[in-house]
Amino acid sequence: MVLVDLYPQIFKRKSIRNYDLTPLDSVTLEKVVEQINSLEPLYDDIKVELKIISQNDVNQRMMKKAPHYIVVLSENKEGYKTNVGFMLQQLDLFFSASGLGSCWQGIPKPKKKVLESDLEFVILMAFGRANEQLHRTSNLEFKRKPLSKISDVEVGGELGESLEAARLAPSATNSQPWFFKGDIHMLHAYVVKPNILRAIMLKRYILIDMGIALYHLKLAAEHFGKTNRIIFDETGSKSSPSGYEYVASLKID
Ligand SMILES: Cc1cc2nc3c(=O)[nH]c(=O)nc-3n(C[C@H](O)[C@H](O)[C@H](O)COP(=O)(O)O)c2cc1C
């Protein structure tokens, strides 16, 4: 991993939708490639391919253009969407730390020639120089549910701050489909079971969203100097709150 502390970016990043369309210089793009090559997977047995493509390789579908996009292709295997969320969020925070804007893009689609691969297209991320303010300056600028709506954990101290990091995570249509249970040693993560009306749209993205929040949780644990692992936990899997499904747990030592 290129050594940048990504944790502080959680509290100031935002989706950038207005870009200077001038392509970035080759040195900057090389740094992005270097970062892509050092991403940490959540599940290391899933094949993932990330490529930088240009605005001409994307059908924008009404979305504003960006000079560059990252296209993510993955093996379709249990956990693959959560894995993609976990990996690509590392880049979202890296862009923020590097003075560049980025935005997850579920709606635009790459052109066919980009998709010639055995792997499945999952999602795009736009990036480039921002033509708007890059960072938020206060937590109050985040439109998010209160902690009490996404967790039943008695919060305070490091655990409260870690959940705050998850609370501020970006999600498709800002749906924030997550719920967290547990304590300072183990946090269990659940995603909402969407009702039929919202199912088609949400289902495509909620596991990606969960991967994003899990990465924020992991960064927070690291920030507090805790050894941690994301695991499947039997107890966590058997205690889903009503209306939610179990995804994974963060074991904190
Ligand atoms: C999986 C995913 C897909 C997204 N797709 C789009 C998109 O197609 N277009 C867009 O403008 N924003 C998209 N977003 C950005 C969200 O709308 C944004 O993260 C959310 O509203 C929270 O705002 P923030 O990122 O500025 O904190 C997407 C976000 C995620 C995580």
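Counting starts at 1 for both ligands and their atoms, following the listed order.
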Measure R144 to ligand 1 on non-hydrogen atoms and call it side chain, backbone, both or neither using the 4.0 Å cut-off.
-> side chain
Answer yes or no: does an N/O atom from K14 fall short of 3.5 Å to an N/O atom of ligand 1?
-> no
Nitrogen or oxygen atoms of R17 and ligand 1 under 3.5 Å apart = yes
Atom indices of ligand 1, in the order listed, that fall short of 4.0 Å to a heavy atom of C103 = 12 (N)
Using a distance-only test with no angle check, is there a side-chain donor-acceptor pair under 3.5 angstrom linking N139 and R144?
-> no
Where on A172 is there a heavy atom closer than 4.0 Å to ligand 1, on the side chain, on the backbone, on both, or on neither?
-> both
Hey, can you tell me if Y215 and F86 have their rings parallel, tilted or perpendicular (30° and 60° cut-offs)?
-> perpendicular
Check each of V122, T173, I107 against atom 8 (O) of ligand 1 and report the one with the nearest heavy atom.
-> I107
Report, in ascending order of atom number, the atoms of ligand 1 lying under 4.0 Å from any heavy atom of R13.
-> 24 (P), 25 (O), 27 (O)
Between Y246 and F232, does the ring centre distance come in under 6.0 Å?
-> yes
Is the closest basic N to carboxylate O distance between E116 and K112 below 4.0 Å?
-> no
Should the pair E132-K14 be classified as a salt bridge under the 4.0 Å nitrogen-to-oxygen rule?
-> yes
Close-contact set for ligand 1 against R136 heavy atoms, below 4.0 Å = 24 (P), 26 (O), 27 (O)
If you measure from each non-hydrogen atom of M125 to ligand 1, which part falls under 4.0 Å: side chain, backbone, both or neither?
-> neither
Would the Y190 and F179 ring centres measure less than 6.0 Å apart?
-> no
Pair N37-E34, side-chain donor/acceptor within less than 3.5 Å = no
Mark the output for K143 as yes if a heavy-atom distance to ligand 1 is under 4.0 Å, and as no if none is.
-> no
Residues K238, E234: salt bridge by 4.0 Å N-O rule = yes
Ring-face cation of R129 near Y19 (centre distance under 6.0 Å, axis angle within 45°) = no
Starting from atom 16 (C) of ligand 1, which protein heavy atom do you reach first, and at what distance in Å?
-> S171 O, 3.4 Å
Taking atom 18 (C) of ligand 1 as the reference point, the nearest protein heavy atom with its distance = S15 OG, 3.5 Å
If you measure from atom 22 (C) of ligand 1 to every heavy atom of V84, N174, L168, which option wins on shortest distance?
-> N174
Subset of ligand 1 atoms that lie under 4.0 Å from at least one heavy atom of G106 = 3 (C), 4 (C), 5 (N), 6 (C), 7 (C), 8 (O)
Is it true that D253 and K226 have a side-chain N and a carboxylate O under 4.0 angstrom from each other?
-> no
Salt-bridge present (K12, E141; N to O < 4.0 Å) = no
Nearest protein heavy atom with distance in Å, relative to atom 4 (C) of ligand 1 = W104 O, 3.6 Å
For ligand 1, is any non-hydrogen atom under 4.0 Å from I123's backbone (N, CA, C, O), its side chain (CB onward), both, or neither?
-> side chain
Go through ligand 1 atom by atom and flag the ones less than 4.0 Å from a non-hydrogen atom of D209.
-> 1 (C), 31 (C)
For ligand 1, which atoms have a heavy atom of I212 less than 4.0 angstrom away?
-> 31 (C)
